[in-house]
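In this chain, numbering begins with 1 at the start of the sequence shown. Note that ligands are numbered from 1 as they come in the structure, with each ligand's atoms numbered from 1 the same way. For clarity, every value in this text was computed on a predicted model and none was experimentally measured.
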Amino acid sequence: MKKKILIAGNWKMNGKKGDFTFINSLKEFLSKNSLKDIDVLICPPYTLIDRFSKLTSRSSLNIGAQDCSTKESGAYTGEISSSMISDLNANYCIVGHSERRIYQNETNKIINDKIVKVQNQRLNVILCVGETLAERKKSNTLKVLGNQIKGALKNNVKPNYLDIAYEPVWAIGTGLVPDNSDIELVHNFIFKKLSKLYGGRAKNIRILYGGSVNPKNVSTIISLNNVSGALIGGASLKIKDMKAILKQLI
Ligand code: PGA
């Protein structure tokens with residue numbers, strides 16, 4: 001069966017309760033347009049997941065979280081577990097976003113623990129990987145990505161309930177995007193790594209691109225070899241841009 005494309009919005013620390021109009025508008029757009037080969041996902045802050053899940057319960061719009069704890073439950077003030085996310089009827093969870101690696105010092109070991117917890121709840125993981133500008137300048141991109149993938153996917157990580165997002169750190173929120181040939185090179189590399197780990201089952205893992213995706217560049221990016229979706233930050237906050245992105249792909 002052909003893999004569906006995944007178009008995922010990462011709202012980061014943005015959004016307020018009034019944004020139900022955004023969700024209703026996107027829901028309506030999805031019901032009016034035939035998007036049978038595209039999964040659409042919005043990952044708002046935790047505080048909006050319950051409200052958004054209820055609004056989308058009978059629609060094709062998916063709701064996810066941006067992170068979760070490495071722990072199941074207990075004395076971990078401020079943490080949110082994967083089972084709590086599952087309780088809210090979300091069905092995806094982003095793990096290892098570069099902003100968490102940088103600001104919260106998340107290591108590949110922590111990311112691996114989180115992935116296992118998310119998969120235990122049968123939630124889909126979107127594992128983010130990507131190199132910094134300094135690493136790219138030293139021609140270390142593939143080495144960095146190889147280590148991130150190896151570290152994050154060890155110990156009990158299953159190929160089902162798994163998608164990967166390649167997000168070059170220097171492309172996030174900057175308007176800069178790698179050349180098409182660079183995106184393809186990296187996505188082919190990631191696919192090869194996944195094939196080594198999971199054999200034929202690697203084909204079911206979507207490899208998304210993320211970093212300054214917008215309505216103008218999305219269709220070219222999605223057409224590249226081994227690119228099966230996009231993780232979108234800034235442009236996913238505006239309903240006009242989200243619809244414009246999806247229209248490019250119908
Ligand atoms: P951006 O963010 O689309 O604003 O570059 C992407 C991301 O961080 O997931």
Quiz item: Considering only heavy atoms, which of Gly234, Ala235, Ala171 lies nearest to atom 4 (O) of ligand 1?
Solution: Gly234
Practice problem: List the closest protein heavy-atom neighbour of atom 3 (O) of ligand 1: residue, atom name, distance to the nearest 0.1 Å. | Solution: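 Scanning the protein heavy atoms, the shortest distance from atom 3 (O) of ligand 1 goes to Gly233 N, 2.8 Å.
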Quiz prompt | Distance from atom 9 (O) of ligand 1 to nearest protein heavy atom, with residue and atom | solution = Glu167 OE2, 2.7 Å
Going by heavy atoms in the side chains, are [X] and [Y] under 4.5 Å from each other?
X      : Y      : result
Ser81  : Gln121 : no
Phe29  : Ile239 : no
Lys238 : Phe22  : no
Asp19  : Arg51  : no

Practice problem: Assess whether salt bridge (charged side-chain N to carboxylate O under 4.0 Å, His left out) is satisfied between Lys12 and Glu99, documenting all intermediate values. | Solution: CA-CA 9 Å; Lys12 310 190 180 185; Glu99 286 151 14; 2.8 Å; yes
Quiz item: Could a heavy atom of Gly211 be found less than 4.0 Å from some atom of ligand 1?
Solution: yes
With a cut-off of 4.0 Å, which atoms of ligand 1 are near a heavy atom of [X]?
X      : result
Asn10  : 9 (O)
Gly173 : 1 (P), 4 (O), 5 (O)
Lys12  : 2 (O), 7 (C), 8 (O)
His97  : 7 (C), 8 (O), 9 (O)

Practice problem: Take Val177 and Tyr209, measure what side-chain contact (heavy atoms from CB on, under 4.5 Å) needs, and give me the verdict at the end. | Solution: CA-CA 10 Å; Val177 176; Tyr209 168 78; 3.8 Å; yes
